[in-house]
Enquirer: 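The structure follows.
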Amino acid sequence: MRTPSLFPTYFISHGGGPWPWMKREMGDAYAQLEASLADIPRQIGRTPRAILMVSAHWEMPAFTVQGSAKPPMIYDYGGFPAHTYQVHYDAPGSPELARRVQQLIATAGLPAGFDAERGFDHGTFSPMAAIYPNADVPVVQLSLKRGLDPAEHLALGRALAPLRGEDVLVVGSGLSYHNLRNFGPQARDVSRAFDDWLDASVVQAAPGERTARLIDWAAAPAARMAHPREEHLIPLMVAVGAAESEAGERIYHETDFMGGIAVSSFRFGAL
């Protein structure tokens with residue numbers, strides 16, 4: 001059972017590109033996802049000291065922490081309207097938290113780097129625009145490690161678990177289905193098959209079985225159709241590792257996203 005003083009952890013589907021700034025172009029395509037993200041502050045019940053965001057859009061040879069006190073923007077997308085390359089999410093960073101994260105990772109025997117210049121990519125600033133639109137909570141990004149080994153990222157989550165008792169919210173930001181060459185109605189069946197497996201694995205399975213299933217995720221139904229490359233799934237491992245013995249709950253689910261995709265987000269250390 002979750003200790004009341006601890007924050008849960010999250011794996012969120014962060015959507016595509018700069019979607020919060022494209023409502024005129026996209027209508028209500030992101031309405032359900034936005035509502036689920038906007039509900040996170042209510043779920044956790046108090047404002048965190050900071051958020052540690054593990055973004056699918058940053059990979060390094062070692063787990064690397066963003067150390068800037070005022071992170072710039074990284075417009076890591078292409079083909080979007082000109083105005084989306086001028087958007088800003090001006091949350092402060094936290095060099096103090098960054099050093100704490102680096103220390104926890106190194107103490108666990110994992111490779112730990114520090115980047116004082118790195119900015120926010122859209123895996124961070126797009127969902128954060130919905131979660132804390134006033135950009136008034138410090139945010140620190142943490143990279144994935146090249147190779148995308150699920151066991152290593154579960155271990156990273158375990159190393160970060162103490163942050164949950166230090167008023168830091170740990171969020172893995174990816175997408176539960178990420179095959180940009182197979183989107184829309186034609187992806188309905190494969191996305192649903194993988195999404196069903198995800199729910200069975202991270203919500204319905206016992207914690208020990210959950211860990212084993214995630215390590216062997218590539219054997220899941222439609223796994224490589226859902227994730228030809230797994231960078232958008234691996235942040236899930238971090239969120240699970242930081243709450244490994246605790247229950248999971250699906251907090252967002254659509255079966256017709258972008259015309260047919262099944263997508264989900266999850267919370268661990270359920271309230």
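Computed from a predicted structure; not experimentally measured.
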Enquirer: Could you tell me which non-hydrogen atom of V137 sits nearest to which non-hydrogen atom of T47, and how far apart they are?
Expert: CG2-CG2, 3.7 Å

Enquirer: Would K23 and E34 pass as an ion pair if we require N to O under 4.0 Å?
Expert: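 E34 and K23: salt-bridged.
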
Enquirer: Indicate yes or no: does R188 engage D256 in a salt bridge with an N to O separation below 4.0 Å.
Expert: yes

Enquirer: Is it true that R229 and E59 make a salt bridge, defined as a side-chain N closer than 4.0 Å to a carboxylate O?
Expert: yes

Enquirer: Have a look at H57 and tell me which of H122, Q141, E231 forms a side chain to side chain donor-acceptor pair (under 3.5 Å) with it.
Expert: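 So, applying the side chain to side chain donor-acceptor pair (under 3.5 Å) to H57 and each of H122, Q141, E231, only H122 qualifies.
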
Enquirer: Taking the six-membered ring of F268 as reference, does the cationic atom of R164 (NZ for Lys, CZ for Arg) lie under 6.0 Å from its centre and within 45° of its axis?
Expert: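 No, R164 does not sit over the ring of F268.
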
Enquirer: Which pair of heavy atoms, one from A129 and one from W21, lies closest together, and at what distance?
Expert: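 Taking A129 first and W21 second, the nearest heavy atoms are CB-CH2, 3.6 Å.
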
Enquirer: Check each of R100, R46, R49 against D167 using the salt bridge (charged side-chain N to carboxylate O under 4.0 Å, His left out) test, and report the only one that passes.
Expert: R46

Enquirer: Evaluate the side chain to side chain contact (heavy atoms under 4.5 Å, CB included) criterion for residues Y75 and T84: first the C-alpha distance (whole Å), next the side-chain angles of each, then the deciding distance (0.1 Å), finally the verdict.
Expert: CA-CA 8 Å; Y75 303 113; T84 64; over 6 Å; no

Enquirer: Can Y177 and H232 be said to form a side chain to side chain contact (heavy atoms under 4.5 Å, CB included), step by step?
Expert: CA-CA 8 Å; Y177 177 91; H232 275 71; over 6 Å; no

Enquirer: Step by step, would you call D195 with R250 a salt bridge (charged side-chain N to carboxylate O under 4.0 Å, His left out)?
Expert: CA-CA 11 Å; D195 196 78; R250 185 158 61 181; 3.0 Å; yes

Enquirer: Is R192 paired with D189 through a side-chain N to carboxylate O contact shorter than 4.0 Å?
Expert: no

Enquirer: Could you check L198 against V203 for side chain to side chain contact (heavy atoms under 4.5 Å, CB included), going step by step and ending with a plain yes or no?
Expert: CA-CA 8 Å; L198 265 184; V203 175; over 6 Å; no

